[in-house]
Amino acid sequence: MQFIDLQQQYRRYQTEIDASIRRVLEHGQYIMGPEIGELEAALARYVGVNHAIAVASGTDSLEIALRALDIGPGHEVITVPFTWISSAEVIGLVGAKPVFVDIRAEDYNLDPDLLEAAITPRTKAILPVSLFGQMPDYDRINAIAARHGIAVIEDAAQSFGATQRGRRSCSVTSIGSTSFFPAKPLGCFGDGGALFSSDDRLAEKMRAIRSHGGLKRHHHPYLGMNGRLDTLQAAILLAKLPHFPGETEARGRIGARYTSLLADICTVPTVSPGNTHVYAQYTIRVPNRDQLGEALKKQGIPTAVYYPKCVHEQPVFQPLGYRLGSFPVSEAASRQVISLPMHPFLTEPEQDRVIAAVRGALGSTLS
Ligand SMILES: Cc1ncc(COP(=O)(O)O)c(C=O)c1O
């Protein structure tokens, strides 16, 4: 059994993917070829915003967003400590200070009740993460941000395809940022990402920063980077995109089935009111996850831990002065979470095998 079955996905869409790759090989425009514009138009339509900008990774996209907002030394950006390192790394990379706010145990996302207390005159943006595949409460987060005149950047690396009150992830904040890392809900065959905005000026600036800070050849108004998506990756995404709504629906169904068959024996994910969940990870919480992981491994069932350590515990962020106990909800989650196999092609018999193994392990060794 695979944790995420990318080979099967390729086999299913092989004809379209191969044809799309071949088109690029034939026209030879490997950098900023026509597929980039086609993909950006399709992504903007899907998300429901005016602009999508294809970039080299989900990390570059967050950095470009911060640069476009002129965030740098002397500024603070609020994010969560229970996330992949990129969310905080990019804040440091532009010279600003990451300020962490704890999560809610219910959805592993930024706790809006704790947000206002972390805002200072130096706060320039809030960078909430839509962790595991569902969005935090953006109505509340956006209202607080608006009161203080600060921007909100959604780190939607794990939630592409999710919705909140009918609006898609990446469409509800000043800037949305996602990742097309292969294991993400919409993945390419290498690194990739995208930025989303309906603000024409911001979108144009992000487009420029992606390409060495300029839109005209040999004219560089901004400090930029080489943050372009490869044409080949755009071609792969264009071939996969028509299948994505069906995959998203399957993820939701498979996640809900796990939940209904595991809810009585462990802490299962809850879907917040108004949300749909794309289960980039199907993450449960148990008191002894290492034992559970070992028991499943013995039966050939892979698991993964996202994330065994919070970002504020990482050596690189020690100078910020946080310590163990600073973010109790995040720290407790990081010690107990474990993710089960999840992909759109997981069959019911496979899923039953995972469920039986989890139930067996929790009922015997862990009781
Ligand atoms: C929450 C989060 N933010 C940012 C990223 C960065 O994306 P990428 O790996 O494409 O740079 C990831 C990817 O793992 C992520 O999970």
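Order of listing sets the numbers, starting from 1, for every ligand and every atom in it.
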Those residues with a heavy-atom separation under 4.0 Å from ligand 1 are S57, G58, T59, T83, W84, S86, S87, V129, D155, A157, Q158, S179, K184, G192, Y307
Next on the checklist: Looking at R22, I want to see if its CZ is surrounded by more than 12 non-hydrogen atoms of other residues, nucleotides or ligands under 6.0 Å.
Outcome noted: no
Atom CZ of residue position R147 - does it have more than 12 heavy atoms of other residues, nucleotides or ligands inside 6.0 Å? yes
Does L25, at its CG atom, have more than 12 non-hydrogen atoms belonging to other residues, nucleotides or ligands within less than 6.0 Å? yes
F181 meets the ring pair (Phe, Tyr, Trp, His ring centres under 6.0 Å) criterion, sequence neighbours left out, with none
In S169, S177, S171, S174, the residue satisfying side chain to side chain donor-acceptor pair (under 3.5 Å) with E154 is S169
Worksheet item: Where does the angle between the aromatic ring planes of Y322 and H312 fall among parallel (under 30°), tilted (30 to 60°) and perpendicular (over 60°)?
Response: perpendicular
